[in-house]
Amino acid sequence: MSAPTDVRTGARTVTVSVRYFAGAKAAAGTRGEPVALPAGATVADLVTALAADHGDALARVLGAASYLLDEVAVHDRSTVLADGAVFDVLPPFAGG
């Protein structure tokens, strides 16, 4: 299955469902959102786009957050995103 195409530009895109938890949800002002990026975009590209879209409050959270991609922890920000992926933003949690 190939990536969808942006009808305005003709460029191939991927759409990722981003879900925010706890402080990330408060900083983003939403529980989640679909984000369209160029095909071949990475986790780093997505994090940069989220910070640009939501400002300094979310950028700070993103700097300390952990991420899940399709329910698997992401440690390599060069991981390429697949169309339809689910990306979870998990800020640090207190407790034990």
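Note that the structure is predicted; figures quoted are calculated from it, not measured.
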| said: Donor-acceptor check, side chain of Asp88 to backbone of Leu68, threshold 3.5 angstrom: yes or no? | reply: no
| said: What's the separation between atom CG in Asp83 and atom CG in Leu37, rounded to the nearest 0.5 Å? | reply: 10.5 Å
| request: Taking the side chain as every heavy atom from C-beta outward, state whether Val89 and Arg19 have any atom pair closer than 4.5 Å. | output: no
| field | Closest non-hydrogen atom pair between Ala59 and Ala51, with its separation | value | CB-CB, 3.9 Å
| message | Checking Val35 against Leu46 for the side chain to side chain contact (heavy atoms under 4.5 Å, CB included) test, could you report, in this order, the C-alpha distance in whole Å, the side-chain angles of both residues, the deciding distance, and whether it holds? | response | CA-CA 8 Å; Val35 177; Leu46 175 58; 3.8 Å; yes
| said: Any non-hydrogen side-chain atom of Val43 less than 4.5 Å from a side-chain atom of Phe87? | reply: yes
| Shortest non-hydrogen contact from Ala27 to Val61? | CB-CG2, 4.0 Å
| message | Assess the residue pair Glu33 and Leu50 against the criterion (side chain to side chain contact (heavy atoms under 4.5 Å, CB included)); give the C-alpha distance rounded to whole Å, side-chain angles, the decisive distance to 0.1 Å, and a yes or no. | response | CA-CA 10 Å; Glu33 62 187 325; Leu50 295 174; 3.9 Å; yes
| Taking every non-hydrogen atom, the tightest pair across Pro91 and Ala22 | CG-CB, 4.0 Å
| Residue pair Thr15 / Ala36: nearest heavy atoms and the distance that separates them | OG1-CB, 4.0 Å
| task | Give a yes-or-no answer on whether the side chains of Thr48 and Asp45 include a donor-acceptor pair shorter than 3.5 Å. | result | no
| message | For Tyr67 versus Leu62, what's the shortest heavy-atom pair and its separation? | response | OH-O, 2.6 Å
| What closest approach, in Å, do Arg77 and Val47 show between heavy atoms, and which atom pair accounts for it? | NH1-CG1, 4.1 Å
| Donor-acceptor under 3.5 Å (Tyr20 side chain, Leu90 main chain) | no
| request: For Val16 and Val86, run side chain to side chain contact (heavy atoms under 4.5 Å, CB included): C-alpha distance rounded to whole Å, both residues' side-chain angles, the deciding distance at 0.1 Å, then the answer. | output: CA-CA 6 Å; Val16 177; Val86 176; over 6 Å; no
